[in-house]
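See below for the structure under consideration.
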Amino acid sequence: MSDLKKALGEAAGAAFASLGLPAELGRVTASDRPDLADFQVNGALPAAKQAKKNPREIAAAVAERLKGDGRLISAEVAGPGFINLKVSDQALSERAREIAADPRAGAEVLAAPRRVIVDYGGPNVAKPMHVGHLRASIIGESVKRLYRFRGDTVLGDAHFGDWGYQMGLLIGAVCDEHPDLAALVARLNAEAAPLDGPIPEAFERITLADLDRLYPLAAASGKEDPAYRDRARRLTAELQAKRPGAYLLWRRFREVTQVALERDFHALGVDFDLWKGESDVDRLIPGMVEDLRDKGLLVEDQGAQIVRVARQGDKRDLPPLLVVSSEGSAMYGTTDLATILDRKQSFGPDLAIYVVDQRQADHFEVVFRAACLAGYAEEGQLQHIGFGTMNGPDGKPFKTREGGVLKLNDLIEMTRGKARERLHEAGLGEDLPVEEFEAIAAKVAVAALKFADLSNFRGTSYVFDLDRFTSFEGKTGPYLLYQAVRVKSLLRKAEADGALAGPVVVAEPAERDLVLALDAFESALSEAYDRFAPNAVAEHAYRLSQAFSKFYAACPILQAEPQVRAARLTLASATLTQLELALDVLGVSTPERM
RNA sequence: GCGCCCGUAGCUCAACCGGAUAGAGCAUCCGCCUUCUAAGCGGACGGUUGCAGGUUCGAGUCCUGCCGGGCGCGCCA
């Protein structure tokens with residue numbers, strides 16, 4: 001079973017092949033001119049260039065062969081050499097029946113599934129997530145779901161940032177503020193307290209709010225004061241050496257952070273298979289450093305141990321990978337490299353996708369090159385999927401009115417508040433129990449946030465305008481939910497009336513368009529998969545919703561005569577299935593009613 | 001300075017391997033609820049794709065230069 005586009009593409013490919021031309025030329029795309037055709041084939045134009053023939057002649061020969069295809073009612077040459085294809089109502093009806101009978105609503109499963117890791121979210125210990133984490137979470141979650149839906153074995157890893165210099169800064173800052181805790185840290189060190197024992201009660205005083213308050217201050221002090229910085233580095237080294245005092249205090253940092261992070265991720269409908277942190281690969285670092293040295297990759301430079309990754313022909317001077325700092329600490333890139341090694345040993349991924357801010361492109365290039373040099377990964381197995389920043393209405397990175405960084409939790413709360421307002425304005429869900437109304441508002445908020453983000457291509461920055469995206473009209477998440485809920489309501493009513501679904505028979509233009517929209521699901525998924533671009537799926541979900549909405553307006557369903565009603569009910573339920581699958585890939589779930 | 005990304009309708013964004021008349025949404029204007037949820041549907045208005053060259057039968061897309069914006073360039077992550 002395959003979509004019409006692909007099936008017709010094979011037929012057209014065979015036609016090209018029979019003329020002694022490459023079959024790839026038969027690629028079929030949706031028509032740019034829906035007034036003229038359903039699909040088109042452009043291959044005659046490049047073929048003509050290659051073969052130095054008249055494109056219209058080649059097109060005519062291909063079209064002639066396609067005319068025998070039972071699915072087509074016409075295959076005509078137009079313009080400089082386009083082949084326009086019109087599909088018969090019967091072929092559309094058959095395709096619609098296939099989609100309706102398919103729990104995957106026409107989406108295929110990969111012939112050669114891969115093992116994939118998606119590294120996204122990028123939360124850090126001691127720092128609440130802010131708007132900057134929104135895109136990484138939303139895009140990463142969608143990429144993970146997309147790859148999984150297509151048939152790959154996928155693990156999503158939060159890759160907790162929990163092991164760097166920032167930890168040393170915080171340990172120092174906490175000790176400064178609480179002399180008694182400083183004393184406790186010293187005592188634990190002296191007693192060689194067990195690392196995996198209970199976290200001392202005294203540490204429970206430290207909350208995420210404390211860490212959030214102290215971190216910026218400590219970071220600033222570290223920048224200004226070399227002595228402060230050196231102490232933080234020393235404490236970082238102590239933590240990495242697993243001195244009990246620093247380590248147990250750090251475990252408290254991790255603990256308080258994770259609770260808050262899980263709450264935020266849960267509110268966004270984001271969940272991870274792995275909560276690996278940088279600290280988890282710490283044990284691999286000494287061996288890895290030795291291995292790099294053995295392989296002759298590690299060299300000393302300005303007191304640090306580095307791996308040079310520059311290549312001849314590089315357009316720019318790529319910095320080396322800093323493996324061990326002059327202080328003897330592991331760096332950001334060190335843990336990244338060790339993580340690649342860890343994943344190779346534990347999971348053996350064919351592909352690792354890093355969903356991280358575009359600004360880190362150079363960093364990943366360096367790490368990936370080092371990994372390939374060391375034999376921890378092969379060329380092309382590591383992919384950095386960068387994304388642009390989310391800007392405020394002024395076109396600059398999003399800030400609160402006060403100029404601070406907006407916390408993710410506050411952003412979600414704000415959006416929920418707007419969702420409630422909008423529901424009330426529209427008079428929706430008024431008679432529902434409070435809990436259900438709240439659940440709906442939460443889903444509307446998540447849909448608004450995610451769809452606004454995912455309908456843009458990930459690579460470009462976009463403007464996050466609260467007023468705009470909470471305006472639930474037009475091309476928005478809530479519109480999609482609304483369409484899904486409308487279908488659900490319709491199907492419930494049909495069931496109550498005892499109206500049965502039956503075989504699809506396409507007749508009306510709105511029905512044709514709806515089936516053509518349904519048929520495009522697979523190609524949207526495939527494009528999104530190949531380009532790491534969920535916006536193709538978002539676009540599809542919107543087009544499908546729109547096609548349904550037109551169908552809904554043009555074609556009465558429950559009042560139609562039984563056979564027509566049966567056919568339209570099948571179309572409606574197939575639409576719902578596909579829409580919910582598409583939304584699920586985007587990480588959006590639909591309520592039963594609203 | 002070097003490198004990467006971006007510049008498309010008044011605003012926010014699309015455009016699959018270079019294809020026909022560059023598409024959506026918002027905003028503005030005009031229609032449509034005694035019929036399945038009007039957060040909807042139909043229609044109108046809106047473009048020299050930053051500028052100038054080049055390649056091509058054909059360029060928003062590829063190449064060169066310029067203008068404008070964002071970002072990155074060794075011990076933070």
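Numbered from 1 within each chain, the chains take letters A, B, ... in sequence-line order.
- Within 4.0 Å of A:L481, counting heavy atoms only, lies no atom of the nucleic acid at all.
- For A:D314 against B:rG3, no side-chain N or O and base N or O form a donor-acceptor pair under 3.5 Å.
- Residue A:A78 has its side chain nearest to B:rA20 when only B:rG74, B:rA20, B:rG72 are considered.
- Proximity of A:S549 to the phosphate of B:rC41: a side-chain N or O atom is located under 4.0 Å from OP1 or OP2.
- Residue side chain A:K49 reaches the base of B:rG58 through a donor-acceptor N/O pair under 3.5 Å, judged by distance alone.
- Listed nucleotides B:rU37, B:rA20, B:rA15 differ in distance to A:Y552; the shortest reach to its side chain belongs to B:rU37.
- The side chain of A:Q546 contributes an N or O atom lying less than 4.0 Å from OP1 or OP2 of B:rG25.
- The base of B:rA77 is not paired with the side chain of A:E278 by any donor and acceptor separated by under 3.5 Å.
- The distance between atom CG of A:N84 and atom P of B:rG19, rounded to the nearest whole Å, is 15 Å.
- The side chain of A:Y479 contributes an N or O atom lying less than 4.0 Å from OP1 or OP2 of B:rC41.
- Counting any heavy atom pair closer than 4.0 Å across all strands shown, A:V485 reaches a base atom.
- The aromatic ring centroids of A:H384 and A:F368 lie 6.0 Å or more from each other.
- Distances shorter than 4.0 Å separate some side-chain N or O of A:S489 from OP1 or OP2 on B:rU37.
- Residue A:Q358 is classed as having no contact, given no heavy-atom separation below 4.0 Å to the nucleic acid.
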Between A:H424 and A:E430, is a side-chain hydrogen bond (donor to acceptor under 3.5 Å, both in side chains) present by the stated rule, with each step listed?
CA-CA 7 Å; A:H424 284 311; A:E430 307 259 83; 3.0 Å; yes
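- In this entry B:rA14 has no Watson-Crick or G-U wobble partner, no candidate having both defining distances under 3.5 Å.
- With hydrogens and angles ignored, no donor-acceptor pair closer than 3.5 Å exists between the side chain of A:T460 and the base of B:rC6.
- Residue A:K5 places none of its side-chain N or O atoms closer than 4.0 Å to OP1 or OP2 of B:rC16.
- Because its NZ or CZ atom is both nearer than 6.0 Å to the ring centre of A:Y529 and within 45° of the ring axis, A:R150 counts as a cation-pi partner of that residue.
- Heavy atoms of A:I306 sit under 4.0 angstrom from at least one base atom.
- Residue contacts shown for A:G164 are limited to sugar-phosphate atoms, with no base heavy atom under 4.0 Å away.
- Here A:L428 lies in heavy-atom contact (under 4.0 Å) with a base.
- With its glycosidic angle more than 90° from 0, B:rC32 adopts the anti conformation.
- Residue contacts for A:N54: at a heavy-atom cut-off of 4.0 Å it reaches no nucleic acid atom on any strand shown.
- Donor-acceptor pairing under 3.5 Å, judged by distance alone, is absent between the side chain of A:D336 and the base of B:rA77.
- Lacking a ring centre under 5.5 Å from that of the base six-membered ring together with a plane angle below 30°, A:Y165 does not count as stacked on B:rA77.
- The aromatic rings of A:Y354 and A:F364 sit tilted relative to each other, their planes meeting at an angle between 30° and 60°.
- Each of A:R233 and A:P46 was assigned the nucleotide of RNA chain B with the nearest heavy atom; the assignment lying further toward the 5' end belongs to A:P46.
- Pairing partner, B:rG53: B:rC63, with both Watson-Crick or wobble hydrogen-bond distances short of 3.5 Å.
- Aromatic ring orientation, A:Y542 versus A:Y479: tilted (interplanar angle from 30° to 60°).
- Between A:Y482 and B:rA39 there is a side-chain N or O to OP1 or OP2 distance below 4.0 Å.
- Here the side chain of A:N42 is nearest to one of B:rG40, B:rG19, B:rC13, namely B:rG19.
- Residue order along RNA chain B, read from the 5' end via each residue's closest nucleotide, puts A:S461 first among A:Q40 and A:S461.
- Heavy atoms of other residues, nucleotides or ligands lying less than 6.0 angstrom from CD of A:E495 number 12 at most.
- Residue contacts shown for A:D465 are absent, as no nucleic acid heavy atom lies under 4.0 Å away.
- B:rC41 and B:rG31 make up a base pair, with Watson-Crick or G-U wobble contacts both under 3.5 Å.
- Counting any heavy atom pair closer than 4.0 Å across all strands shown, A:Y462 reaches sugar-phosphate atoms only and no base atom.
- Within the structure, a side-chain polar atom (N or O) of A:R486 is placed less than 4.0 Å from OP1 or OP2 of B:rA38.
- The P atoms of B:rG68 and B:rG50 are separated by 16 Å, rounded to the nearest whole Å.
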